[in-house]
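FYI, the numbering just counts along the sequence from 1. Scope of the values below: all heavy atoms of this structure, side chains included, with no hydrogens, waters or symmetry mates.
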Amino acid sequence: MNTRRAFVRNLSALAFTAPLLAETPKVKNKICFFTKHLIGLGYDDIASLGAEMGVDGIEAPIRPKSGHITPEQVVDELPKFVEALKKQNLDMMIMTSGINEVNAEQRTEEVLRTAAKLGVKRFRMNYFKYDLKQPIWEQLQAIRPKIKDLVALCAEIGIQPMFQNHSGQDYFGAPVWDIFSIMREYPAEQFSFAFDILHATCEGGKSWPLEFNLVKDHIGAAYFKDYKWDGRKLVTVPLGEGQVDPAYGQMLMKTGYSGPISLHVEYLEGNPKDAAVLKGFREAHLRDMKTLKGWLGWA
């Protein structure tokens, strides 16, 4: 009898709390945007643009040649950049690096320790490339120890390495399966994908849902961008104007993915210090953000 009463009591409690649970709003993923097109602007200006877009932070290229800050400048300059972002209540959510192994030339440990101390939780690795004149499988196995050493260092430091899938005939990770054969040996928080739906669509064509479902438990950041074909050339375009399937957004959300979402506007060109160019950038940012939220089912 006592058991029966307890059962009825539990049913009543469940009936009362279920509507409350149903009404509880889901926490939305944090959104950032890749700032490659803003190289040349000051840290405060970049932060102000981020605040204007309504994002939670930025993905900043901190790397040789094509970055806001080079590895040699990281110790002195990265704290200034992070501080400018904090003034606008933004984070450096992803650091795009030139790092793909542990070595002195890439200043691996110095860059990653500095970033981690400043609160940067994840970074995108640099790519590897295959030599098409050499056996492919052996080259894949040759990077295994490099990744092992980098993952071990990152676990010690407290920062997550992420590998972006690129498209192209000689990129490691272009077919996704190759890098995942190594990645699957690690927990997602230790090594994951910066999953790029543009490149997955370009390489996979209609099979991109296969690649996505293969790696969905190892996605550390989700990249959103779009492209179209100009003959045989891939050309990046505003989100929603190209080949990427809008259904991907809600497909991602239905998996329970809780990591950052990074909007890439790589089709933008011009000097961001030019007022007219920057005005165009602002309009593109807001337009693509609106499209992105629609794809995610947040509109």
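By the 30° and 60° cut-offs, the orientation of the rings of Phe193 relative to Phe180 is parallel. The aromatic rings of His285 and Phe281 sit tilted, their planes meeting at an angle between 30° and 60°.
Of the possible donor and acceptor atoms, none in the side chain of Gln190 sits under 3.5 Å from a partner among the backbone N and O of Cys154. Distance alone, capped at 3.5 Å, places no donor-acceptor pair between the Asn165 side chain and the Gly173 backbone. Formation of a donor-acceptor pair under 3.5 Å by the Gln139 side chain with backbone atoms of Asp131 is found in this model. Asn103 places a side-chain N or O within donor-acceptor distance of the main-chain N or O of Gln106, the cut-off being under 3.5 Å. Not one N or O on the side chain of Asp44 forms a donor-acceptor pair closer than 3.5 Å with the backbone of Ala84. His199 contributes no side-chain N or O that, together with a main-chain N or O of Gln164, makes up a donor-acceptor pair within less than 3.5 Å. The main-chain N or O of Ile99 is never found under 3.5 Å from a side-chain atom of Asn126 such that the two would form a donor-acceptor pair. Listed for the Asp226 side chain is a donor-acceptor partner under 3.5 Å among the backbone atoms of Gln243. Under the 3.5 Å distance criterion, the side-chain polar atoms of Asp56 are left unmatched by any main-chain donor or acceptor of Cys32.
Put simply, Ile62 and Val102 are part of the same group of oily side chains (I, L, V, M, F, W, Y) that touch within less than 4.5 Å, one to the next. At a threshold of 4.5 Å between side-chain heavy atoms, the hydrophobic network of Ile, Leu, Val, Met, Phe, Trp and Tyr places Val120 and Phe123 in one connected group. Note on Val82: it clusters hydrophobically with Phe33, by side-chain heavy-atom contacts below 4.5 Å among ILVMFWY residues. Each of Ile69 and Val75 belongs to its own hydrophobic cluster when Ile, Leu, Val, Met, Phe, Trp and Tyr are linked at side-chain heavy-atom distances under 4.5 angstrom. Leu286 and Tyr267 are not part of a single hydrophobic cluster, where members link through side-chain heavy atoms under 4.5 Å apart.
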Exercise for the section: Mind running side-chain contact (heavy atoms from CB on, under 4.5 Å) on Glu211 and Trp177 for me, showing each step along the way? Expected result: CA-CA 7 Å; Glu211 284 78 43; Trp177 304 80; 3.3 Å; yes
Practice task
Evaluate side-chain contact (heavy atoms from CB on, under 4.5 Å) for Thr291 paired with Glu241, printing each intermediate quantity in order.
Solution key: CA-CA 10 Å; Thr291 301; Glu241 295 184 9; over 6 Å; no
Problem - Leu150 and Met125: CA distance, side-chain angles, deciding distance, side-chain contact (heavy atoms from CB on, under 4.5 Å) verdict - result: CA-CA 10 Å; Leu150 181 60; Met125 296 168 56; 3.8 Å; yes
Handout entry: Full working for salt bridge (Lys or Arg N to Asp or Glu O under 4.0 Å) between Lys80 and Glu77
Key = CA-CA 5 Å; Lys80 299 175 187 176; Glu77 291 297 317; 3.0 Å; yes
Problem - side-chain contact (heavy atoms from CB on, under 4.5 Å) assessment of Leu263 paired with Met289 - result: CA-CA 8 Å; Leu263 174 66; Met289 278 295 296; 3.8 Å; yes
Practice task
Could you walk me through whether Phe172 and Phe163 pass ring pair (Phe, Tyr, Trp, His ring centres under 6.0 Å), step by step?
Solution key: CA-CA 10 Å; Phe172 280 73; Phe163 193 92; 7.7 Å; no
Practice task
Would you check, one step at a time, whether the test salt bridge (Lys or Arg N to Asp or Glu O under 4.0 Å) holds for Lys279 with Glu283?
Solution key: CA-CA 6 Å; Lys279 181 177 181 292; Glu283 293 170 354; 2.7 Å; yes
Handout entry: Chi angles and distances behind the salt bridge (Lys or Arg N to Asp or Glu O under 4.0 Å) call for Glu189, Lys121
Key = CA-CA 10 Å; Glu189 61 271 16; Lys121 297 179 179 179; over 6 Å; no
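Counting only heavy atoms from C-beta outward, the side chains of Leu210 and Val176 never approach each other to under 4.5 Å. The closest side-chain heavy-atom distance from Leu292 to Leu239 is below 4.5 Å. Annotation: side chain of Leu278 is in contact with side chain of Leu49 (closest heavy-atom distance under 4.5 Å). Using a 4.5 Å heavy-atom cutoff, the side chains of Leu118 and Met92 are not in contact. Between Lys273 and Asp45 there is no side-chain heavy-atom pair separated by less than 4.5 Å. The closest side-chain heavy-atom distance from Met95 to Val111 is below 4.5 Å. The shortest side-chain heavy-atom distance between Ile58 and Leu38 does not fall under the 4.5 Å cut-off. No side-chain heavy atom of Asp76 sits under 4.5 Å from any side-chain heavy atom of Gln73.
A distance of 5.5 Å separates CD1 of Ile159 from CG of Leu112, quoted to the nearest 0.5 Å. Here Asp196 contributes atom CG and Ser167 contributes atom OG; the two are 8.0 Å apart, rounded to the nearest 0.5 Å. Here Leu296 contributes atom CG and Ile261 contributes atom CD1; the two are 4.5 Å apart, rounded to the nearest 0.5 Å. Within the model, atoms NZ of Lys228 and CG of Leu234 stand 11.0 Å from one another, a figure rounded to the nearest 0.5 Å. Thr114 contributes atom OG1, which lies 10.0 Å from atom CZ of Arg107 (distance to the nearest 0.5 angstrom). Rounding to the nearest 0.5 Å places OG of Ser48 at 8.5 Å from CZ of Arg282.
A 6.0 Å sphere centred on CD of Glu138 holds more than 12 heavy atoms belonging to other residues, nucleotides or ligands. Around the CZ atom of Arg287, the shell of radius 6.0 Å holds more than 12 heavy atoms that belong to other residues, nucleotides or ligands.
A side chain to side chain donor-acceptor pair (under 3.5 Å) with Ser192 is found for exactly one of Arg122, His218, Gln160, namely Gln160. Shown are Phe212, Tyr257, Trp295, Tyr223; of these, the ring-ring contact (aromatic ring centres under 6.0 Å, His included) with Tyr248 is made only by Phe212.
Taking both residues in full, the closest heavy atoms of Ala188 and Asp217 are given as CB-O, 3.4 Å, listed atom of the first, atom of the second, then distance. Nearest heavy-atom pair across Ile94 and Arg124 is CG2-N, 4.1 Å. For the pair Leu252 and Ala222, the tightest heavy-atom approach, listed with the atom from each and the gap, is CD2-CB, 3.6 Å. In plain terms, the two heavy atoms of Tyr130 and Asp178 that are nearest each other are OH-OD2, 2.6 Å. Taking all atoms of both residues into account, the shortest heavy-atom contact from Ala60 to Thr35 is CA-OG1, 3.6 Å. The shortest non-hydrogen separation linking Leu90 to Gly57 is CD2-N, 3.9 Å.
No hydrogens or angles considered: nothing links the side chains of Glu203 and Trp208 as a donor-acceptor pair under 3.5 Å. For the residue pair Thr96 / Glu59, a side-chain donor-acceptor distance below 3.5 Å is found, with atom types taken as modelled.
Applying the ring-ring contact (aromatic ring centres under 6.0 Å, His included) rule to pairs touching residues 41-71 yields Tyr43-Phe81, His68-Phe81, sequence neighbours excluded.
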